Every structure is written in C-alpha cells, then in structure tokens.
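Since the model is a prediction, treat every value here as computed from it, not as a measurement. Chain letters run A, B, ... following the sequence lines, proteins first and then strands; every chain starts at 1.
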2 protein chains.
Amino acid sequence: MYLKNNIRRLLVYRQCLLKLKELGFEVIYSYNLGREASVSPEQVRKDFSKFGIKGKRKAGYEIDHLLEALDIIFKKDKDQNVILVGMGNIGKALSNYKGFAQHKIVICAAFDIDPSKQTKSYKIPVYPVEDISRIVKMYHVKIAIIAVPKPAAQEVCNRLIASGIQGIINFSPTNLKHPKNIFINNIDLANEMESLIYFTLNQ
Amino acid sequence: MYLKNNIRRLLVYRQCLLKLKELGFEVIYSYNLGREASVSPEQVRKDFSKFGIKGKRKAGYEIDHLLEALDIIFKKDKDQNVILVGMGNIGKALSNYKGFAQHKIVICAAFDIDPSKQTKSYKIPVYPVEDISRIVKMYHVKIAIIAVPKPAAQEVCNRLIASGIQGIINFSPTNLKHPKNIFINNIDLANEMESLIYFTLNQ
DNA sequence: TACATTTTGTTACTATTTTCACAATAAATT
DNA sequence: AATTTATTGTGAAAATAGTAACAAAATGTA
Ligand SMILES: NC(=O)c1ccc[n+]([C@@H]2O[C@H](COP(=O)([O-])OP(=O)(O)OC[C@H]3O[C@@H](n4cnc5c(N)ncnc54)[C@H](O)[C@@H]3O)[C@@H](O)[C@H]2O)c1
Ligand SMILES: NC(=O)c1ccc[n+]([C@@H]2O[C@H](COP(=O)([O-])OP(=O)(O)OC[C@H]3O[C@@H](n4cnc5c(N)ncnc54)[C@H](O)[C@@H]3O)[C@@H](O)[C@H]2O)c1
C-alpha cells in the first residue's frame, strides 16, 4: 500500500491540530482542519478513515482524540534517538534547533571528520566518525542525518548502514546507493528551490 | 496536468547527468541513468518523452543534449535572484552555501528584524524587513525563502506577497495562508524526519 | 544485403490517489 | 416526537501516476 502522501498529510494535520488546540478549539470539523492544512475536507476524512480514526457525525472530531491517535501512529510514546554526521553549516543549524524536542526527536550525538569540531562546546557531543558504530549500538539508534559534503556522502552512508542504521535523511545533493531495506529521504534544498522556481515561473 | 514528481525527477536526473559527465560519459542509456537516479528505465524515457526530449534508438541519449534541454526547461540561461528572510540558524547556513551558484540561484539579499544581524559581515547584505519591497522591486525578485520563527512567518509571508513575491520556500513549521496564484513549498524538517522514522520503523 | 540485436518511444494496462456523491446518523429545532 | 440540518464515512467515478509490452529504428554482423 502506497501511503506516502497520506503520512505526510497526517503530519501536517498534527501541526495544525496543535495550533488549533492552542487557539482554544476542542473539536474540529473536516473542513476546519482542511482549510488550515490546505487540503479538501473529503481528503481529511479519507485520510483519517484509512487509519481507522473516527469522528462523530454532525459533531466532528475531538482534537485530543485525534492527537492521541496520531501519537500512536507515529509512536510518540518515547523519544527517538537520531545521530548527525557533519557538523558544518547545516549540521550546526540542526543541532541548535529546539523544535525537534516537541516531536520527540533527539539528536543524541554528532560526528565529524574534522578534529576541531570534536569539542564539547556544542549542545550535543561531537565524536570522530570511527565512533559511529559504538554509539549507534549503545543508544540503539535507527536514524541518521547526513550533512557532509557531496564527495563524502556515499562513504558516510556505507558506514552508517554497516553500523546498523536503517533510515537516513540525506542533505547532500547526491543519490546514495543503498540496499533496498534501508530508507533514504533526500532533502535537496537546491532542487527544492529549482522546483519552486519552475512552478512559479511557469505560472 | 500534474507534473510534480516528473519535475522533481528531472532535477534528480540533472544532478546524475552532471556526475556521469564528470566521470567521462558522453552518452547514456535510460537504464544507466535510471540506476544512478534510482528510477526505472521506462520512467526515465517517459519523463523525457513528456518534455519532447529525444534520444536515438540503440544509441541512447547524449548527455550534453539532455543537459541543454534541462537548462531550457529550468531556464538556466540566467541567474535567478532570491531573497532570504531570517538570518538565524537556517538562514546563515543557506547564505553560506556555495552550491546554489551552479544552479544559477543567487541569494541577493537577506532581511532580519534584529538590528544586530543587519551588518555587512555576512556574505550577503542583511537589511531591515522594511526594505523588502524596495529590494524586491529593484532586483525583480520573484522568489523568497522564509526562515523566521513560526510566530513571525505569516506576517513575513504577507509582506513578501504584498511586495510582489510569487514563490516562497517556507522553513517554518506552519501552513501559510496565501492567495492561490502564489506558490509555496513547505520544507518542514521535523516532519521529514518523522515521515522517515515512520517508514523505517514500519519496515 | 539480409538478419540479429539493442534501445528508444509510445500505447495499452495496472495501480494508486483524489474527488464526488450520498446514505447514515447525530444534533438541533419545532 | 417528528422534522430539519449538519457532518461523517464510504463506495463509485475520475484523474493521475507508474509499469509493462512491443513495434520502430538504429546499429552491428554474417
Ligand atoms: N548549507 C546549505 O545551506 C546547504 C544547502 C543545500 C545543500 N547542502 C548540502 O548539505 C551538505 C552539508 O552542507 P554544509 O554547508 O553544512 O557543509 P559544510 O562544509 O559546512 O560542513 C560539512 C561538514 O562535514 C564534515 N565532514 C567532511 N567529510 C566528512 C566525513 N567523511 N565524515 C564526517 N564528517 C565529514 C566537515 O568537517 C564539515 O564540518 C552538503 O552536502 C551540501 O551540499 C547544504
Ligand atoms: N534550525 C533548524 O534546524 C530548523 C529545523 C526545522 C525547522 N526550522 C524552522 O526554521 C525557522 C528558522 O529556524 P532557525 O533555527 O534559523 O531560527 P532562529 O531563531 O535561529 O532564527 C530566526 C531569525 O529570524 C529573525 N526574525 C524573527 N522575527 C522576524 C521577522 N518578523 N522578520 C524578519 N526576521 C525575523 C530573528 O532575528 C532570527 O535571526 C523556524 O521557523 C524553525 O522552526 C529550523
């Protein structure tokens, strides 16, 4: 079953629901949430329906109930440890970001090849790359972020996979070779800009 | 016509082609490129076909010809000026990045509400937000990047649109309200991590 | 030149996603 | 209690995307 867009939308709904809750709402209708998330009301209902999340006819959905259901889907009962490789521009930005905490995402360690980055002056400890395997095992880490220059990315990827990492966010603008049981989410910021430019300029 | 995935794949092909060219290839077959881009050969051919890009039966595609065709599709004949609002963690990372140049993307100015950021010590000039409209008009800027905290994002978005911006990359984790002729590409890094975690943990 | 081989380009097919339509039902109103 | 109204949940229809199959074309070979 192909659920990619579905999952992405659920995550958007989650953020909208937190916002709406903060604004004092306790119950929402599919069209409220749809308006907030830029999605059609039918799509909202179908997305919830696919995961067996129920509302009440005429009375909409209880926000707290939705958030609980989403927490179960996304396993938000405990923190998810993540490691970061490459303490450069992007790596530093990510390691400084406080917003991951409320998603229960914790960057528990970072790694860099440059000894001058391996200090305790960052918010998270920065180790040499040789320590990846040890730390991954120690903290049962499944997810890693690659934020190294393009020429180093494949080598880092291989090392991560050999250490037991199962999912990778890759910021380097290159398509990494990997076994098909490993998930890779490429975030290519230049391509994101280009595609925005394309759609903007072609009306 | 819904071309979103198509366009994204073309951008991936572009990066693969540049790499393959660097490795000395002059001609590639759909399966070479497909392997490099993690896409089926049929999909590669279909994508090109949709944009009228032709190869030669039995002789594949000339890399230079493909790159030229892609340059036309993505209007790479001249630099594309882009502005950046918010000179914090993400803003600084983006403004330091040298890789945009080879995509002909130029961050020509940045803006921040904090006077201490409005210095000439960054690689690009940082102005107060009141100057957005003036600079946008002066440089004919169509595209902006929002890298401000969530609570400021909508207000910044409104100002950008009022100044004539037509496309926005939004790093703040919120769904911006906007007229439908404006394109918004939301890059929500926490959600990207969450969706990777979802797919990784659900096998 | 005829024949075999390879690879594109496209059409037909399949799968998935989104939209539409409306019955079911809960709440509100008379 | 009956009626009206609003909203969900879902099955059917439409749109989109991706896969497979294969004829057409280019190249190589006997
Ligand atoms: N900065 C941006 O805004 C931006 C935008 C788009 C894409 N990217 C991509 O993101 C990646 C990181 O970009 P950046 O600007 O942070 O780069 P950067 O050069 O600032 O940082 C890279 C870091 O990786 C470390 N490193 C190099 N080789 C390593 C290895 N083998 N193992 C471990 N660490 C290693 C370096 O010491 C450095 O600290 C790059 O691939 C870049 O193309 C960055
Ligand atoms: N840093 C990350 O890794 C990361 C990860 C995910 C999401 N984000 C999101 O990206 C956005 C930026 O994150 P950051 O870490 O760079 O934040 P930051 O706090 O480091 O920087 C924000 C910058 O915006 C400026 N600013 C505030 N209000 C403004 C206004 N009204 N007009 C112009 N400038 C204004 C501030 O002065 C500051 O320089 C946030 O919305 C954040 O949620 C960041």
Exercise. Only counting residues at least two apart or in another chain, list the ones meeting side-chain hydrogen bond (donor to acceptor under 3.5 Å, both in side chains) with Ser40(B).
Key: Glu42(B)
Practice problem: Check ring pair (Phe, Tyr, Trp, His ring centres under 6.0 Å) between Tyr13(A) and all other residues, then give those that pass, not counting sequence neighbours. | Solution: Phe48(A)
Exercise. Any salt bridge (Lys or Arg N to Asp or Glu O under 4.0 Å) involving residues 101-114 of chain B? Give me the pairs, sequence neighbours left out, ordered by first then second residue.
Key: none
Quiz prompt | Inter- and intrachain pairs under salt bridge (Lys or Arg N to Asp or Glu O under 4.0 Å), touching residues 183-202 of chain B, at least two apart | solution = Arg8(A)-Glu192(B), Arg14(A)-Glu194(B), Lys76(A)-Glu194(B)
Expected list for residues 18-30 of chain B: side-chain donor-acceptor pairs under 3.5 angstrom, two or more places apart:
unit_1   : atom_1 : unit_2   : atom_2 : d
Lys19(B) : NZ     : Glu36(B) : OE2    : 2.8
Lys21(B) : NZ     : Asp64(B) : OD1    : 2.8
Ser30(B) : OG     : Arg45(B) : NH1    : 3.1

Quiz item: Which residue pairs pass the side chain to side chain donor-acceptor pair (under 3.5 Å) test with at least one member in residues 79-94 of chain B, sequence neighbours excluded?
Solution: Asn96(A)-Asn89(B)
Self-check item: Pairing residues for Arg9(A) by the side-chain hydrogen bond (donor to acceptor under 3.5 Å, both in side chains) criterion, not counting sequence neighbours
Solution: Asp47(A)
Self-check item: Any residue of residues 13-26 of chain B with a heavy atom less than 4.0 Å from an atom of DNA chain C
Solution: none
Quiz item: Any salt bridge (Lys or Arg N to Asp or Glu O under 4.0 Å) pairs touching residues 154-169 of chain A, not counting sequence neighbours?
Solution: none
Quiz item: Once each nucleotide of nucleotides 22-30 of chain D is scored for protein heavy atoms under 4.0 Å, what B/S/- sequence comes out, 5' to 3'?
Solution: -BBBBB---
Exercise. Look at all strands and tell whether Glu42(A) reaches a base, only sugar-phosphate, or nothing, counting heavy atoms closer than 4.0 Å.
Key: base
Quiz item: For residues 123-138 of chain A, which residue pairs qualify under salt bridge (Lys or Arg N to Asp or Glu O under 4.0 Å), counting only residues two or more places apart or in two chains?
Solution: Asp131(A)-Arg134(A)
Exercise. Under 4.0 Å between any heavy atoms, over every strand shown, what does Phe48(B) touch: base, sugar-phosphate, or nothing? Just pick one.
Key: nothing
Under 3.5 Å, which N/O atoms of the protein pair with N/O atoms of nucleotides 12-15 of chain D?
unit_1  : atom_1 : unit_2   : atom_2 : d
dA12(D) : N6     : Lys46(A) : NZ     : 3.3

